[in-house]
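Structure first, then comments.
Every value quoted in this text rests on a predicted model; they were computed, and no experiment measured them. Reminder, nothing fancy here: chain letters follow the sequence lines and each chain counts from 1.
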There are 2 protein chains.
Amino acid sequence: MVTLSDVAKQANVSKMTVSRVINHPEQVTPELRDLVEAAMAALNYHPNVAAKALANNRTNVIKVVILEDIDTTEPYYMSLIFGIAKGLDKRGYALQLVTDRHRMNGGNRADGFIVTGERASDIPLLEMLNEPFVIFGENRYGFDFVDSDNKAGTTLATEYALAKNYQSIVFLGIDVKESFEYSREAGYINTLQQHQKIPQIHRLSNHSRVSQAFICDRWEKFAPDTCFICASDRLALGVERGIIQKGGRIPEDFGVIGFDGVFLDQVANPQLTTVKQPVEQLGELLARMLLQKLAQSGAQQGEVLVTPELIKRGSTRE
Amino acid sequence: MVTLSDVAKQANVSKMTVSRVINHPEQVTPELRDLVEAAMAALNYHPNVAAKALANNRTNVIKVVILEDIDTTEPYYMSLIFGIAKGLDKRGYALQLVTDRHRMNGGNRADGFIVTGERASDIPLLEMLNEPFVIFGENRYGFDFVDSDNKAGTTLATEYALAKNYQSIVFLGIDVKESFEYSREAGYINTLQQHQKIPQIHRLSNHSRVSQAFICDRWEKFAPDTCFICASDRLALGVERGIIQKGGRIPEDFGVIGFDGVFLDQVANPQLTTVKQPVEQLGELLARMLLQKLAQSGAQQGEVLVTPELIKRGSTRE
DNA sequence: TTGTATGCGTTATCAG
DNA sequence: CTGATAACGCATACAA
């Protein structure tokens, strides 16, 4: 293993000069700097993370905590974790997935946390954390977070449905009292009001079978020329099935727009027009935000909202 | 931060005694051991991973490399990574997801690798690795691996189809020359032959649209009373759609059995009877195997096959 | 069986 | 601006 000392010898300087070239390059003269950099390249030197960690009293490990009680196969999280991993990897950090909320703080030490799926009851837990953390997802507790711009997403969707001349535009939301849901509803409501139309919102639990049954049960209430804006692809998938089961035509008579754009939208038949969240990018941003927060010794980072993209497919009119 | 020295003081022994209680408890008298353990508990001591890593010249980081060029939303990998993370976490290791195959070996150091999706062209890469590694998935290169027992899986499926009295039993495989595919076909073939039936195998690329089209195009060739055994849930999903599109009845006239049991099987309508791979468990086993390999300084570990489970649902007869 | 001295690779501190 | 030294927390080798 090539160490600082090896590089120092090669460049005929002390270890400290090499260390400075790495951590405080401005404190060393350009000539020496070049010399050292050449030596590092020649020897293919890579700093020993463990030694760094010990000297700095840091670990170079970030814990990722999913507090929500999810089915671990939820594909959404796959992309998120990939994005986080990518962001951390680039900067020399490893991620540790916490699989037991009680071990969030115990066990190995970490430099910081990325948390998602927290509920009101988790807030005390979070406030007891000794290390900085950032949150994935809007929240009303003032925690730093990254999320997609939910309101902008449903605004895009609603405007698209209007542009495609669907006469009636119905919103199917998720029956949770979460910030993201309110934002999605707000985008829909505002847009409809701007067009002098009356919002019509139904809230269902987030399962395709529920939305399918909902459509079938109330089939007579939905005249042709209706577009359903759904708060998730899961709901949208069920809506498609309900419409098809009842003999409705997609997209001529009924439009369906989903939200998420992760996996399910492509599995659906016809494939869903959907508001695609840039989940992997959100993961990278989370990593970047947390690492910056660490660099600034825990300073507040505020919020980052990324505008999602509307993917146009066969579940809405050409 | 509580250190070895703190515990030592508390217990009135030397640091080394504490260290021994942790790493070689048999070398210390029971009385002292109890004393030290009490002190550790009282102070809520947790070893500093970085210091351990430095002293042992290890990193406590395992890199997970997905060489296959996947859509990162593939839910399969979500469960796998969760399982690995869980297994590593328990034993004090962090995982680092490698997102760029070229940085597999460069960048930060790791104690070992868990690799999946390797192709023939990747073998040289793997053989150049300095640290021990284990593979997820059957392979013919003699590498240590963990996988589900693919042959046992299709055997279960085929026997179930026979027990449900489907007259014709057709296998839809994936058109790749991979070990897992051969094993799945073998389970089907052997079982049919034991029952004096003639195997009928078709190989398709692994997309639901392809299998859907396949069923529709050759609809006349499939008499009622046929059960399709598919090498993936993806294929099975398309088969269901094709059958429904053609007006066939599931499960009365046509049975469909999938393989994987991750997410898609539940999204399908009707939900799929499927061979469920214990993916998360496989991940844990991978972690355990690799860590054991490290403990045994790289000794060969052989293979571990886990028998999958047949989940019975609405796509086959009661 | 237990304790002492030393080193792992890096960085902060302070002296030159 | 550069270099010597000590320290981070733990484990190995050796001594008692």
Which heavy atom in Ala53(B) sits nearest to a heavy atom in Ala50(A), and how many Å separate them?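 Smallest interatomic distance, heavy atoms only, reads CB-CB, 3.7 Å.
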
Of the candidate nucleotides dT11(C), dG3(C), dC10(D), which contains the atom at the shortest distance from the side chain of Val13(B)?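 Of the candidates, dG3(C) comes closest.
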
Thr17(A) side chain, from C-beta outward: closest of dG3(D), dT10(C), dA11(D): dG3(D)

Given atom [atom1] of [X] and atom [atom2] of [N], what is their separation to the nearest angstrom?
X: Gln27(A); N: dA15(C); atom1: CD; atom2: P; answer: 17 Å
X: Met1(B); N: dC8(D); atom1: CE; atom2: P; answer: 12 Å
X: Leu4(B); N: dC8(D); atom1: CG; atom2: P; answer: 13 Å
X: Arg58(B); N: dG9(C); atom1: CZ; atom2: C1'; answer: 16 Å
X: Asp6(A); N: dC8(C); atom1: CG; atom2: P; answer: 11 Å
X: Met16(A); N: dC14(C); atom1: CE; atom2: C1'; answer: 11 Å
X: His24(A); N: dT11(C); atom1: NE2; atom2: P; answer: 8 Å
X: Ile22(B); N: dT2(C); atom1: CD1; atom2: C1'; answer: 16 Å

Counting only side-chain nitrogens and oxygens, does Asn23(B) get under 4.0 Å of the OP1 or OP2 atom of dA11(D)?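 True: Asn23(B) side-chain N/O within range (under 4.0 Å) of dA11(D) OP1/OP2.
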
Looking at Lys52(B), I'd like to know whether one of its side-chain N or O atoms comes within less than 4.0 Å of OP1 or OP2 on dA11(D). yes

For residues Asn150(B) and Glu138(B), is any side-chain donor paired with an opposing acceptor at under 3.5 Å? yes

Is there a donor-acceptor pair closer than 3.5 Å between any side-chain N or O of Ser148(B) and the backbone N or O of Val306(B)? no

Taking Thr116(A) for its side chain and Ile66(A) for its backbone only, find out whether a donor-acceptor pair lies under 3.5 Å.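 Side chain of Thr116(A) to backbone of Ile66(A): no pair is present.
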
Between Asn12(B) and Asn56(B), just flag the one whose closest nucleotide in DNA chain C comes earlier from the 5' side. Asn12(B)

Relative to the 5' end of DNA chain C, which residue comes earlier, Ser14(B) or Leu54(B), by the nucleotide with the nearest heavy atom? Ser14(B)

Is it true that the NZ or CZ of Lys63(B) lies under 6.0 Å from the centre of Phe133(B)'s six-membered ring and within 45 degrees of the ring axis?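 No, Lys63(B) does not lie over the aromatic ring of Phe133(B).
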
Would the number of heavy atoms belonging to other residues, nucleotides or ligands and lying under 6.0 Å from CE of Met1(B) be above 12?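 More than 12 within 6.0 Å, yes.
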
Under the criterion side chain to side chain contact (heavy atoms under 4.5 Å, CB included), I'd like the reasoning laid out for Leu290(B) against Tyr93(B): C-alpha separation, chi angles, the key distance, then a yes or no. CA-CA 11 Å; Leu290(B) 178 57; Tyr93(B) 280 74; over 6 Å; no

Which pairs, protein N/O on one side and nucleotides 14-16 of chain D N/O on the other, fall under 3.5 Å?
none

Using a 4.0 Å heavy-atom cut-off, does Asn48(B) contact any base of the nucleic acid, only the sugar-phosphate backbone, or nothing at all?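 Since only primed, P, OP1 and OP2 atoms lie under 4.0 Å of Asn48(B), the category is sugar-phosphate.
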
Check the pair Leu95(B), Ile81(B) against side chain to side chain contact (heavy atoms under 4.5 Å, CB included), reporting the backbone distance first and the verdict last. CA-CA 9 Å; Leu95(B) 86 73; Ile81(B) 289 179; 4.3 Å; yes

Which parts of residues 28-45 of chain A get close to DNA chain C, meaning a heavy atom less than 4.0 angstrom away? Tyr45(A)

For side chain to side chain contact (heavy atoms under 4.5 Å, CB included), just list the numbers for Val2(A) and Asn44(A), CA-CA rounded to whole Å, side-chain angles, deciding distance to a tenth of an Å, and then say yes or no. CA-CA 8 Å; Val2(A) 184; Asn44(A) 189 27; 5.9 Å; no

Ring centers of Phe82(A), Tyr77(B) separated by less than 6.0 Å: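 So the answer is no for these two rings.
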
